[in-house]
Number of protein chains: 2
Amino acid sequence: MLDSETKAVETPEDHAEELRLWLRLLTCTTLIEGEVRGRLRQRFDVTLPRFDLMAQLDKAPDGMTLSDVSKRMMVSNGNVTGLVERLVESGHLDRRTSETDRRVQVIRLTKLGRAEFRKMAAEHETWIADLFADLTPKDVRELMRLLAKTKASAQKSAARRRP
Amino acid sequence: MLDSETKAVETPEDHAEELRLWLRLLTCTTLIEGEVRGRLRQRFDVTLPRFDLMAQLDKAPDGMTLSDVSKRMMVSNGNVTGLVERLVESGHLDRRTSETDRRVQVIRLTKLGRAEFRKMAAEHETWIADLFADLTPKDVRELMRLLAKTKASAQKSAARRRP
DNA sequence: CCAAATTGCTTTAAGCCTAAAATGTTTCCA
DNA sequence: TGGAAACATTTTAGGCTTAAAGCAATTTGG
């Protein structure tokens, strides 16, 4: 009663478990991300950010604005600017100013970009399957559930700080 | 019998679930990492990579070699070189050439570095606890277990490619 | 013993990434 | 209607990151 309150105020809580969880989450992601990046480079001479950007555009046949891309990829605006620049340069992306709002740039995959992406994506999917091969379907479902909960929790915490 | 073999060869497997899992894992990590990076910058004007490097050294009172650090942090050697340079410059790290092997550089936290890190780490731990606040202890245990399994699976897959 | 391989680290070139400031455009509303 | 606010993007300055090449020191196997 009084004890539990006293304890909460006076003794620092033990959050070692959450810390370990965060480190493990980070390790897993870094490991897989590094593996995917290496394979993309070796097989297709493409970087992971470029692949990710093309993946977003592949899902949007009518194109996306740079802001959309930036939100979806969870990266800064300036980052997208440079990424798009290089992909337009290499002929994978088409970029045009919106007819109705001259602030907005709409980008799309070119025919070349789409063809190359589809080839990469097919192989990429097998890499991911292989990397997660030891998980049972039940494991996958359970992880999905727990990560959804984690994402919601983190978003709530972020919103608490930056309302 | 024949059917299952035929199927395995001729029809592409469906790995959409694993793909979704990977994307969710990546989203969670990016979200939390971004939040932690922002808080470190605002509260302590320090970058996440510097914090991570100091965290490694805090666990090694006798210091570490650059290779050790690079393996632990899962980043390239050249990356560590630059990171250490900046932290020595700012007075947080002490670096000396090994007596017994002149190729080796041993780095340690300075008194200043350790003091600053301890302060940051204490606060950092509360951020993590808050970000994971909605997970029950059981959720945490279960996630730990599944991520351990994931890590093992990914390592096995990576080793298959690069034996 | 000594040349070849290995190891630890640094350098290089290129690209990724962020926060913050700047630029140009549109919307809002008094 | 006219300016302030909001918005989309780009620019800037600085730091992070990688792969690959290079250098120096050590280990190894003939």
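Letters go in sequence order (proteins before strands), and every chain restarts at 1. Any value given below was found using the heavy atoms of this structure, including those in side chains, with hydrogens, waters and symmetry copies removed.
Whole-Å rounding puts the A/Arg86 CZ to C/dC16 C1' distance at 7 Å. Spacing between atom CZ of B/Arg41 and atom P of D/dA13 amounts to 18 Å, rounded to whole angstrom units. A straight line from CG of A/Leu93 to P of D/dT9 spans 13 Å, rounded to a whole angstrom. Atoms CG (A/Leu48) and P (D/dT18) sit 12 Å apart, rounded to a whole Å. Atom P of nucleotide D/dT12 and atom CD of A/Glu85 are separated by 12 Å, given to the nearest angstrom. Following rounding to the nearest Å, A/Gln105 (CD) and D/dC7 (P) show an atom-to-atom distance of 19 Å. Atom CZ of B/Arg96 and atom C1' of C/dG8 are 18 Å apart (whole Å). Rounded to an integer number of Å, the gap from B/Asp52 CG to D/dC16 C1' is 12 Å.
Nearest-nucleotide positions on DNA chain C place B/Leu66 closer to the 5' end than the other of B/Leu66 and A/Thr100. Heavy-atom nearest nucleotides on DNA chain C were determined for A/Arg102 and for A/Asn79, and the one closer to the 5' end corresponds to A/Asn79. Mapping A/Asn77 and B/Gly82 onto DNA chain D by nearest heavy atom places A/Asn77 at the nucleotide closer to the 5' end. Nearest-nucleotide mapping onto DNA chain D: of A/Gly78 and A/Arg37, the residue sitting toward the 5' end is A/Gly78.
Within a 6.0 Å radius of NZ in B/Lys151, no more than 12 heavy atoms belonging to other residues, nucleotides or ligands are found.
Contacts of A/Met73 with the nucleic acid, taken as non-hydrogen atoms under 4.0 Å apart, are absent. Nucleic acid contact class of A/Leu83 (heavy atoms, under 4.0 Å, all strands): sugar-phosphate only.
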Test A/Glu17 against A/Arg20 for salt bridge (charged side-chain N to carboxylate O under 4.0 Å, His left out), laying out the working first.
-> CA-CA 5 Å; A/Glu17 283 309 306; A/Arg20 265 193 285 276; 2.6 Å; yes

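The shortest distance between the side-chain N/O atoms of B/Ser67 and the OP1/OP2 oxygens of C/dC9 is below 4.0 Å. Between C/dA14 and A/Arg50, no contact under 4.0 Å exists linking OP1 or OP2 to a side-chain N or O. A/Thr47 has no side-chain polar atom (N or O) that falls below the 4.0 Å cut-off from OP1 or OP2 of D/dT18.
In summary, B/Asp58 and B/Arg114 engage in a salt bridge, as defined by a charged side-chain N under 4.0 Å from a carboxylate O. A salt bridge does not link A/Glu142 with A/Lys138: none of the charged nitrogens is closer than 4.0 Å to a carboxylate oxygen. With respect to the salt-bridge test (charged N to carboxylate O, under 4.0 angstrom), the residues A/Glu85 and A/Arg95 do not qualify.
Below the 3.5 angstrom threshold, one finds a donor paired with an acceptor across the side chain of B/Arg103 and the base of C/dT7.
Listed candidates were C/dT11, C/dC16, D/dA25. Nearest to the side chain of A/Pro49 is C/dC16.
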